[in-house]
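What follows is one structure encoded as structure tokens, with my remarks underneath.
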Amino acid sequence: MSEKMNKINVYNKEFEIFLSSGIIQQTIDKMADQINKDIVGKDVLFLVVLNGAFMFAADLLKRIKGDCKISFVKLSSYVGTRSTSTVRELIGLDEILRGRTVIIVEDIVDTGITMANTIEKLMHLEAAEVKLATLLFKPEAFQKDFPIDYIGLEIPNDFIIGYGLDYDGLARNYPDIYKLIGKE
């Protein structure tokens, strides 16, 4: 394993360590325990939101007990370091949801715009229930009122990268999460 970096630079912006890989894995353990209790006897589809949630989903789903299906959807509402109010669906869903429990696996919920749109679409496809599992939640930025069933950690409204989270495509590969030093 490579040496932990306390600071990194991406596109001439400096980021400092915010959450270590150890904290992230402990958080995922707790989330998986709760999800495992809740899904006993249910027909579950885990719907992973790409690109950002790929690392979180891989670690979380390795801890899920029993049979489940996994599918992927690619949504986006970000440009650079800022969220937009427009959600673009890039890769669609090709699963039958009628009567199933769908658990959306998301890396981060901040404004909630992307998830509100996604939950609405899934309910129209007649899912029995739609639940949301997010590694990170920014309550200060949240603009919607839907429930979040599984929250790993609540964090301040800082711009963060690493562990799947990116800045214009870079930094997803870091095992730790970093926050931007200073403000935009």
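Numbers here simply count residues along the sequence, with the first being 1.
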(request) Would you indicate whether Asp67, at its atom CG, is surrounded by more than 12 heavy atoms from other residues, nucleotides or ligands within a distance under 6.0 Å? (result) no

(request) Using modelled atom types only, decide if a donor and an acceptor are shared between the side chain of Tyr174 and the backbone of Met5 within a distance under 3.5 Å. (result) no

(request) Treat each ILVMFWY residue as a node, draw an edge where side-chain heavy atoms are under 4.5 Å apart, and state whether Phe72 and Ile96 are in one component. (result) no

(request) Check Val10 against Ala171 and note the closest heavy-atom contact, atom names and distance. (result) CG2-CB, 4.2 Å

(request) May I ask you to check whether Asn6 and Tyr178 show a side-chain donor-acceptor distance below 3.5 Å? (result) no

(message) Could you tell me if the side chain of Phe137 sits less than 4.5 Å from the side chain of Ile148, heavy atoms only?
(response) yes

(message) Whether the side chain of Asn36 engages the backbone of Arg63 through a donor-acceptor N/O pair (distance < 3.5 Å, no angle test) should be reported.
(response) yes

(message) Contact between Asp176 and Tyr163 at the side-chain level, heavy atoms closer than 4.5 Å - yes or no?
(response) no

(request) For residues Arg172 and Asn51, determine if any side-chain heavy atom of one lies less than 4.5 Å from a side-chain heavy atom of the other. (result) yes

(request) Compare every heavy atom of Pro175 with every heavy atom of Ser21, then report the nearest pair and how far apart it is. (result) CB-O, 3.4 Å

(message) Using the rule side-chain contact (heavy atoms from CB on, under 4.5 Å), only one of Leu180, Asp110, Leu165 pairs with Phe159; which is it?
(response) Leu180

(request) Identify which one of Leu132, Leu45, Ile39, Asp38 satisfies the side-chain contact (heavy atoms from CB on, under 4.5 Å) criterion when paired with Ile103. (result) Ile39

(request) Taking the side chain as every heavy atom from C-beta outward, state whether Met55 and Ile24 have any pair of such atoms under 4.5 Å apart. (result) no

(request) Using a strict 4.0 Å threshold on nitrogen-to-oxygen distance, state whether Glu129 and Arg100 make a salt bridge. (result) no

(request) Could you grab the distance from atom CD1 of Ile28 to atom NZ of Lys62, nearest 0.5 Å is fine? (result) 9.0 Å

(message) With a 3.5 Å distance limit and no angle check, can you tell me whether Lys138 reaches the backbone of Asp158 through a side-chain donor-acceptor pair?
(response) yes

(request) Determine yes or no for a side-chain-to-main-chain donor-acceptor pair under 3.5 angstrom, with Ser20 supplying the side chain and Ile23 the backbone. (result) yes

(message) Restricting to non-hydrogen atoms, name the atom on Thr134 and the atom on Val109 that form the minimum distance, rounded to 0.1 Å.
(response) OG1-N, 3.5 Å

(message) Measuring centre to centre across the rings, with the benzene-like ring taken for any Trp, is Tyr167 within less than 6.0 Å of Tyr11?
(response) yes

